[in-house]
Engineer: 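Quick one: the structure is below, questions incoming.
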Protein chains: 2
Amino acid sequence: MNDALDVRAALLTAATRRFAQGGYAGTSLQVVADDVGVRKASLLYWFPSKADLREAVIDAQLDRWKDTLPAALAAATTGRDRFARILQVALEFFDEDPDRARLLLRECLDRPDAMRARLLTRVAPWMGLVTEAIRQGQREGRVRPDLDPEAWLVQVVVLVLGSAALGDVADRTVLHHSAAQHQDAADRRLRELVRVARSSLYLDDAPEG
Amino acid sequence: MNDALDVRAALLTAATRRFAQGGYAGTSLQVVADDVGVRKASLLYWFPSKADLREAVIDAQLDRWKDTLPAALAAATTGRDRFARILQVALEFFDEDPDRARLLLRECLDRPDAMRARLLTRVAPWMGLVTEAIRQGQREGRVRPDLDPEAWLVQVVVLVLGSAALGDVADRTVLHHSAAQHQDAADRRLRELVRVARSSLYLDDAPEG
DNA sequence: CCTACCGATCGGTAGG
DNA sequence: CCTACCGATCGGTAGG
């Protein structure tokens with residue numbers, strides 16, 4: 001009875017990778033089944049339709065966020081520490097597996113309305129917390145007064161998602177360096193992303209702890 | 001003899017829109033032909049294969065950049081004016097038709113290696129001009145000394161492309177406002193993008209002319 | 001630019 | 001979870 005759940009989980013993992021790299025329309029149920037080593041009809045036993053498989057893949061990915069983010073929020077208390085922590089957790093989450101960013105990006109492009117509905121119920125709640133913290137920072141004179149909290153947060157999310165999804169192309173294009181220098185390029189890109197986010201947020205430029 | 005070229009151009013336009021919105025794999029030659037009002041076999045007369053159609057669509061889009069950007073560079077002379085002008089031209093280019101950003105984003109996700117090869121030959125040249133101008137600004141003390149020119153440019157490109165491609169989703173999610181407020185949301189987003197780019201670039205915060 | 005056609009593959013079902 | 005199967009659609013070709 002454990003093997004059965006393993007097959008389902010393996011199908012989810014394989015589908016996530018395939019959808020992220022080839023897209024939903026560009027991925028056949030056959031190749032996902034082949035990846036796991038079962039028949040296509042067996043895949044359709046666990047997931048009644050291709051659309052159901054997509055739903056499960058996206059939901060699983062957003063669920064991981066639901067676990068990761070509150071933990072980061074709870075761990076840090078001061079505003080400045082909280083900002084650095086959240087950004088770091090987000091960067092690690094997507095950099096650990098860029099397919100996550102590619103999957104979400106593709107879903108935004110493929111079904112903007114469906115993605116928007118999901119974001120409203122699953123992401124909007126904690127987004128309000130972040131923008132309120134920013135406004136508090138503005139009242140205290142730490143955060144730039146001409147910053148638009150909601151719009152700024154959108155830009156940072158776009159930056160984190162886009163940088164993770166396209167980072168590989170960018171890293172090997174800005175400097176067409178060797179494979180050994182590949183990690184350096186990724187480090188430079190992430191460091192600069194943090195610098196851009198921080199310097200566009202705070203009035204002064206003190207480094208984080 | 002003019003009608004014939006019009007059909008080809010119409011096919012290119014229809015394919016651009018379809019590929020941007022539904023993706024390459026998610027778009028059949030049949031619907032592109034239907035959009036224009038010709039038979040699928042006629043499409044395959046102008047573009048021998050689906051892959052050829054894609055190549056033509058992407059090339060046409062990058063060609064438009066080749067005309068737009070040098071004009072913007074030539075129009076502005078001072079460094080600060082040049083930066084504002086280039087960013088403004090880029091934002092207008094993609095905001096005028098967000099499908100351009102979606103198309104390029106999708107191509108990066110679908111065929112990263114092919115996109116990288118194109119970027120190296122068609123975008124890398126003027127990218128060197130921009131990073132050199134940034135370094136000059138650093139020598140003159142106008143630009144933040146801890147900024148990484150290549151990495152910063154990558155972030156700004158990701159931001160412009162991502163913001164245009166995902167702007168619609170973001171605008172209607174951050175504040176689930178009415179259609180009348182939709183333009184306001186887009187304005188806020190673009191204004192904040194410019195602010196983020198500028199404040200992460202310059203040491204002081206003087207507004208542009 | 002059209003009619004007519006093809007082999008391959010698609011998502012999905014029947015039945016066990 | 002499998003075998004066997006299906007109608008629809010896919011990109012592409014032949015021939016004019």
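Reckoned from all heavy atoms, side chains included, excluding hydrogens, waters and symmetry mates. Every chain is numbered from 1 and lettered A, B, ... according to where its sequence line falls, protein lines coming before strand lines.
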Engineer: Round to the nearest Å and state the distance from Lys50(B) atom NZ to dT9(C) atom P.
Structural biologist: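 After rounding, the reported distance stands at 15 Å.
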
Engineer: Would you say Lys50(B)'s side chain and Leu44(B)'s backbone share a donor-acceptor pair under 3.5 angstrom?
Structural biologist: no

Engineer: Return the orientation label for the Phe83(B) and Tyr202(B) ring planes: parallel under 30°, perpendicular over 60°, tilted otherwise.
Structural biologist: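 Rings of Phe83(B) and Tyr202(B): perpendicular, over 60°.
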
Engineer: Regarding Ser200(A) and Arg195(B), is there a side-chain donor-to-acceptor distance under 3.5 Å anywhere?
Structural biologist: no

Engineer: Take atom CG of Leu43(A) and atom C1' of dC10(C), then tell me their distance rounded to the nearest Å.
Structural biologist: 14 Å

Engineer: For the residue pair Gln88(B) and Glu92(B), confirm or rule out a side-chain donor-acceptor distance under 3.5 Å.
Structural biologist: yes

Engineer: Please report the distance, rounded to the nearest Å, between CG in Leu11(B) and P in dG11(D).
Structural biologist: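 Distance check: Leu11(B) CG to dG11(D) P gives 14 Å.
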
Engineer: Take the protein atom CG of Leu44(B) and the nucleotide atom C1' of dA4(C), then report the distance between them rounded to whole Å.
Structural biologist: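 Atom CG in Leu44(B) sits about 14 Å away from atom C1' in dA4(C).
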
Engineer: Check DNA chain D against residues 28-40 of chain A and give the residues with a non-hydrogen atom under 4.0 Å, in numerical order.
Structural biologist: Val38(A), Arg39(A)

Engineer: Have a look at Phe19(B) and tell me which of Thr27(B), Ile58(B), Asp99(B) forms a side-chain contact (heavy atoms from CB on, under 4.5 Å) with it.
Structural biologist: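 That would be Thr27(B).
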
Engineer: Report the distance from atom OH of Tyr45(B) to atom C1' of dG11(D), rounded to the nearest whole Å.
Structural biologist: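 To the nearest whole Å, that distance equals 20 Å.
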
Engineer: Can you tell me which stems involve DNA chain D, if a stem is defined as three or more consecutive Watson-Crick or G-U wobble pairs, both distances under 3.5 Å?
Structural biologist: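 So the stems come out as C:1-16 with D:1-16.
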
Engineer: Give a yes or no on this: more than 12 heavy atoms of other residues, nucleotides or ligands lie within 6.0 Å of atom CZ of Arg39(B).
Structural biologist: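 12 or below, so no.
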
Engineer: So that I can tick it off, tell me whether Asp35(A) and Arg18(A) are bridged by a salt bridge, with the cut-off set at under 4.0 angstrom between side-chain N and carboxylate O.
Structural biologist: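 Yes, this pair counts.
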
Engineer: Using whole Å, what does the distance between atom P of nucleotide dC10(C) and atom OH of Tyr24(A) come to?
Structural biologist: 13 Å

Engineer: What residues form a salt bridge (Lys or Arg N to Asp or Glu O under 4.0 Å) with Arg118(B), not counting sequence neighbours?
Structural biologist: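 Only Glu55(B), Asp59(B), Glu107(B) meet the salt bridge (Lys or Arg N to Asp or Glu O under 4.0 Å) criterion with Arg118(B).
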
